[in-house]
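For reference, the structure is listed below as structure tokens.
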Amino acid sequence: MQSELQNLIATALDELKIGYDAITVERTKDQNHGDFACNIALVLAKGLGLKPRDLAARIVASIELIRERGQLGAVGSHIARMDIAGPGFINFHIAEHAYRALVPEILRQGPDYGRAKLGAGRRVQVEFVSANPTGPLHVGHGRGAAYGAAVADLLEYVGFDVHREYYVNDAGRQMDILGTSVWLRYLELCGEALDFPSNGYKGDYVWDIAATLHREHGDAYRVDMDQVRVGLPPDEVTPGDGGDKEAHIDALIGQAKHLLGDNRWRYVFELGLNTILDDIRDDLAQFGITYQAWFSERSLTESGAVNRAVERLREAGHLYEQAGALWFRSTAFGDEKDRVVVRENGQTTYFASDIAYHMDKLERGFDRVIDVWGADHHGYVPRVKAALSALGDDPRRLDVLLVQFAVLYRSGEKVQMSTRSGDFVTLRELRKEVGRDAARYFYVMRRCEQHMDFDLDLAKSQSADNPVYYVQYAHARVASVLQQAAERGIALEVRPTPDDPRLARLVESHEISLLKTLARWPEAVESAALSEEPHQLTHYLRELANDFHTYYNAHQFLVDDAELRDARVQLILAVRVVLANGLNLLGVSAPDRM
RNA sequence: GCCCUCGUAGCUCAGCAGGAUAGAGCAGCCGCCUCCUAAGCGGCAGGUCACAGGUUCAAAUCCUGUCGAGGGCACCA
């Protein structure tokens with residue numbers, strides 16, 4: 001509709017021999033301004049030395065002329081009226097019959113109503129969550145999960161070929177700390193007395209993994225604590241007690257690797273990694289999120305991709321040595337400071353892996369690559385983009401979406417969290433407490449760059465205040481009406497046929513406004529997808545549900561007049577289709593009964 | 001100190017590739033079930049769009065500065 005109007009105005013301007021750059025046609029905010037508005041007269045008036053309203057009048061007159069010549073086609077009959085308003089806007093009023101014709105169309109398309117081909121099959125990779133497998137997902141990851149999944153699903157819906165990926169940080173010091181934590185808990189289960197390191201992972205899940213090791217392998221991994229303690233620098237138990245928790249945990253990792261030997265260390269390490277990864281995978285699946293790939297960081301080293309990336313940077317002349325380390329001159333590409341890629345000890349950094357990973361992504365041929373990261377990683381964006389530029393790639397192919405933290409509130413109180421101490425709310429606990437639907441919906445209600453207050457009490461409440469139930473209830477109500485019809489033995493004739501004359505019976509203001517809202521759905525999807533803002537969907541759905549509830553309260557659907565009844569039922573069936581499509585895109589169920 | 005994000009109604013937030021009288025949900029007040037689920041609907045009230053400049057036909061929206069909130073500035077991941 002919008003593009004048809006744009007073409008129409010373009011034709012009129014050509015006719016008037018007026019040049020222009022772009023024509024914007026927008027939905028109006030105010031019903032009194034019609035359905036669509038165009039500001040072209042305001043934009044062009046000054047250059048032409050005309051008053052905006054006069055120019056607008058000439059454009060409208062030109063359109064009328066074209067219409068009289070019968071050169072407008074279908075659009076011509078869709079425009080009921082054109083007004084010149086305010087400072088010089090041209091307002092278009094769309095005929096009601098154009099809206100009514102949408103009902104059979106929506107019913108015919110069903111789950112595909114709103115689907116688009118904008119992406120034209122272009123390949124997009126969306127990487128999201130990618131939390132370190134050092135513990136279960138917590139509520140912070142939940143937001144990235146819900147948001148990333150919604151963006152991916154939206155892009156797919158508008159025609160992109162979407163590849164969802166989870167980057168598994170299965171290498172590095174944090175994983176070593178996890179392996180060591182598991183082993184120490186295991187030693188405790190074996191009866192060894194020890195002071196658990198302040199920097200170790202203290203969550204109960206570490207005990208669980210240790211218990212598995214103990215149950216399946218008895219004392220096979222046991223080492224005398226006196227041996228472990230040899231040469232161990234003191235831990236920092238309370239701040240300022242002279243200990244060093246970093247040095248302490250690093251020494252413990254060294255002891256674990258040394259005392260267990262390669263094979264046994266590897267086993268403990270893998271047990272921890274795999275147990276947690278399985279848990280994360282299961283957790284996300286129950287949250288309605290599945291991936292096309294789980295990409296291992298270690299595989300980048302093993303396949304030689306990391307070395308290859310470093311080599312490419314070296315060949316391009318972007319590396320230099322200093323203080324025994326190899327640095328990437330990222331400042332040449334807008335970063336704040338240069339970054340180390342190979343450490344003094346010869347090990348590559350996490351950043352080097354990330355360069356290799358992003359290089360790999362682009363080599364795999366994705367037209368676009370989207371990373372969903374926590375906002376705490378924002379400082380990381382310039383250096384990754386710098387690396388892509390240095391490799392000769394276009395950094396604009398990478399889009400990094402930063403998700404702000406979610407702060408939980410319970411009875412008005414902020415819920416405190418800290419990963420390391422094990423004192424955090426897991427995603428699993430959140431799902432258990434508020435349910436998958438509420439969690440998925442609440443997480444995407446806000447723009448991702450907006451700090452979010454997650455009100456647990458509201459998410460749990462089965463009341464009108466809860467926006468999820470509000471939308472789901474509208475869906476359930478439609479089902480309920482059908483149920484009623486069946487119980488009363490009313491035979492509904494609601495198979496969609498084009499030009500169904502009975503639809504002309506939809507004349508109430510509630511019906512017209514509902515039709516207009518339904519017509520906006522494809523635009524809402526397109527806008528939400530292209531701007532990567534699923535919250536636009538939640539706003540749209542609330543509006544649609546509100547229009548429906550208002551209609552429900554104002555009019556009876558199952559009336560005696562069969563024509564009117566069938567027309568109304570078709571309308572609410574169309575509402576059900578759109579509600580279901582919207583909820584489905586957000587990973588929320590569309591129940592028939594509540 | 002430098003960088004990023006944010007500041008809109010009592011609260012939580014939309015609106016921000018400039019557009020017409022700044023919207024919604026909670027909370028508050030007043031109404032609506034002999035009728036398809038009241039998990040619903042209608043109405044009233046509520047604003048210096050943090051502040052100060054600038055850009056222009058037009059600024060909550062763009063630019064600069066100030067103040068405030070959060071985050072980031074590792075040879076950690």
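Residue numbers start from 1 in every chain, and the chains themselves are labelled A, B, ... in the order their sequence lines are given, proteins ahead of strands. Values in this document were obtained by computation on a predicted structure and should not be read as measured data.
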Which part of the nucleic acid does A:A171 contact within heavy-atom distance under 4.0 Å: base, sugar-phosphate only, or nothing? sugar-phosphate
Ignoring the backbone of A:E344, work out which of B:U5, B:C76, B:C75 is nearest its side chain. B:C75
Tell me: CG of A:D338 to P of B:C73, nearest whole Å? 17 Å
If pairing means Watson-Crick or G-U wobble with both distances under 3.5 Å, then the partner of B:G31 is B:C41
Regarding A:Q472, tell me which of base, sugar-phosphate or nothing describes its non-hydrogen contacts under 4.0 Å with the strands shown. nothing
Please report, rounded to the nearest Å, how far the P atom of B:A24 is from the CD atom of A:Q536. 18 Å
Would you please confirm or rule out a distance under 4.0 Å between OP1 or OP2 of B:C41 and any side-chain N or O of A:N546? yes
With a non-hydrogen cut-off below 4.0 angstrom, is A:H378 in contact with a base, only sugar-phosphate, or nothing? base
Ignoring hydrogens and angles, tell me if any N or O in the side chain of A:S589 forms a donor-acceptor pair with the backbone of A:P591 under 3.5 Å. no
Judged by whether its glycosidic angle lies within 90° of 0, B:C35 is anti
Any base atoms under 4.0 Å from A:A476, or only sugar-phosphate, or nothing? Heavy atoms, all strands. base
Quick one: label A:Q404 by what it contacts on the DNA or RNA (base, sugar-phosphate, nothing), any heavy atom closer than 4.0 Å. sugar-phosphate
Suppose you measure atom C1' in B:G19 against the same atom in B:C29; what distance do you get, rounded to whole Å? 35 Å
Pair A:R502, A:E493 - check salt bridge (charged side-chain N to carboxylate O under 4.0 Å, His left out), show working. CA-CA 11 Å; A:R502 296 172 302 172; A:E493 281 299 334; 5.8 Å; no
Please report, rounded to the nearest Å, how far the C1' atom of B:A22 is from the CG atom of A:D30. 13 Å
Please check if any side-chain donor atom of A:Q174 sits under 3.5 Å from a side-chain acceptor atom of A:T134, or the reverse. no
Considering only atom P, compute the distance from B:C2 to B:C44 and round it to an integer number of Å. 50 Å
Nearest-angstrom distance, P atom, B:C6 to B:C62: 9 Å
Send over the distance from A:R383 CZ to B:C76 P, rounded to a whole Å. 12 Å
Ranking B:G19, B:U5, B:A38 by distance to the side chain of A:E449, first place goes to B:U5
Partner of B:G65 by Watson-Crick or G-U wobble geometry, both contacts under 3.5 Å, or none? B:C51
Going by atom types alone, do A:E511 and A:Y551 pair a side-chain donor with an acceptor below 3.5 Å? yes
Checking all strands, does A:D453 fall into the base, sugar-phosphate, or nothing category for heavy-atom contacts under 4.0 angstrom? sugar-phosphate
Checking base pairs now: Watson-Crick or wobble, both atom distances under 3.5 Å. What partners B:U56? none
Are A:Y470 and A:N546 close enough that a side-chain donor and a side-chain acceptor fall under 3.5 Å? yes
Taking any heavy-atom pair under 4.0 Å as a contact, classify A:M452: base, sugar-phosphate, or nothing. sugar-phosphate
Is A:D547 touching bases, backbone alone, or none of the nucleic acid, heavy atoms closer than 4.0 Å? nothing
Looking at A:R343, I'd like to know whether one of its side-chain N or O atoms comes within less than 4.0 Å of OP1 or OP2 on B:A77. yes
P-based separation of B:A22 from B:C16 [nearest Å]: 16 Å
Value in whole Å for how far the P atom of B:G71 lies from CH2 of A:W373: 19 Å
Expressed in whole Å, how much space separates the P atoms belonging to B:U5 and B:C63? 10 Å
How would you label the contact of A:H555 with the nucleic acid (heavy atoms, under 4.0 Å): base, sugar-phosphate, or nothing? base
Within the structure shown, what part of the strands sits under 4.0 Å from A:A375 by heavy-atom distance: base, sugar-phosphate, or nothing? sugar-phosphate
Please name the nucleotide paired to B:U21 by Watson-Crick or G-U wobble geometry with both distances under 3.5 Å, or report none. none
Closer than 3.5 angstrom, by distance alone: can the side chain of A:R565 be matched with the main-chain N or O of A:L558 as a donor-acceptor pair? no
Any idea which of B:C13, B:A60, B:C75 is nearest the A:Q450 side chain? B:C13
Can you tell me which nucleotide in B:G72, B:A38, B:C41 comes closest to the side chain of A:Y473? B:A38
Taking only N and O in the side chain of A:Y552, is any of them less than 4.0 Å away from OP1 or OP2 of B:A38? yes
Is the distance from OP1 or OP2 of B:C73 to the nearest side-chain N or O of A:K337 less than 4.0 Å? no
Partner lookup for B:C26, please. Criteria are Watson-Crick or G-U wobble with both distances under 3.5 angstrom; report none if nothing qualifies. B:G10
Is the phosphate of B:U5 approached by A:R447 (side-chain N or O, under 4.0 Å from OP1 or OP2)? no
Between A:M594 and A:Q484, which residue's closest nucleotide on RNA chain B lies nearer the 5′ terminus? A:Q484
Closest of B:C41, B:C36, B:A14 to the A:N553 side chain is B:C41
Span that lies between the P atom of B:G47 and that of B:A9, in whole angstrom: 10 Å
Regarding the side chain of A:D376, the nearest nucleotide among B:A38, B:G72, B:C36 is B:G72
Base, sugar-phosphate or nothing for A:H535? Non-hydrogen atoms, less than 4.0 Å. sugar-phosphate
In this structure, how many angstroms lie between the C1' atom of B:C33 and the CD atom of A:Q556, rounded? 12 Å
May I ask you to evaluate whether A:Y470 reaches the phosphate of B:C41, defined as a side-chain N or O under 4.0 Å from OP1 or OP2? yes
Regarding A:R542, tell me which of base, sugar-phosphate or nothing describes its non-hydrogen contacts under 4.0 Å with the strands shown. sugar-phosphate
Nearest-angstrom distance, P atom, B:G70 to B:A27: 29 Å
Is a side-chain donor-acceptor pair under 3.5 Å present for A:N39 with A:T24? yes
Please indicate yes or no: is the ring centre of A:F405 less than 5.5 Å from the centre of the six-membered base ring of B:G70, with the two planes inclined by under 30 degrees? no
Give the rounded distance in Å between these two atoms: OH of A:Y551 and C1' of B:C32. 19 Å
Could you tell me whether A:A85 contacts a base, only the sugar-phosphate backbone, or nothing, with contacts defined as non-hydrogen atoms closer than 4.0 Å? base
With distance as the sole criterion, is a donor-acceptor pair present between the side chains of A:H358 and A:D371 under 3.5 Å? yes
P gap between B:C3 and B:G65, integer Å: 9 Å
Can you check salt bridge (charged side-chain N to carboxylate O under 4.0 Å, His left out) on A:D566 and A:R505, steps first, answer last? CA-CA 10 Å; A:D566 288 342; A:R505 301 293 302 277; over 6 Å; no
When only distance counts, do a donor and an acceptor, one from the side chain of A:N39 and one from the base of B:G19, lie under 3.5 Å apart? yes
If you define the side chain from C-beta out and look only at heavy atoms, does anything of A:D399 sit under 4.5 Å from A:E532? yes
To the nearest angstrom, how far is A:Y469 atom OH from B:C26 atom C1'? 17 Å
Counting any heavy atom closer than 4.0 Å, what does A:H33 reach on the DNA or RNA strands: base, sugar-phosphate only, or nothing? base
Paired nucleotide for B:G1 [Watson-Crick or G-U wobble; both distances under 3.5 Å]: B:C73
If the cut-off is 4.0 Å, is A:T550 near the phosphate of B:G42, judged by side-chain N/O to OP1 or OP2? yes
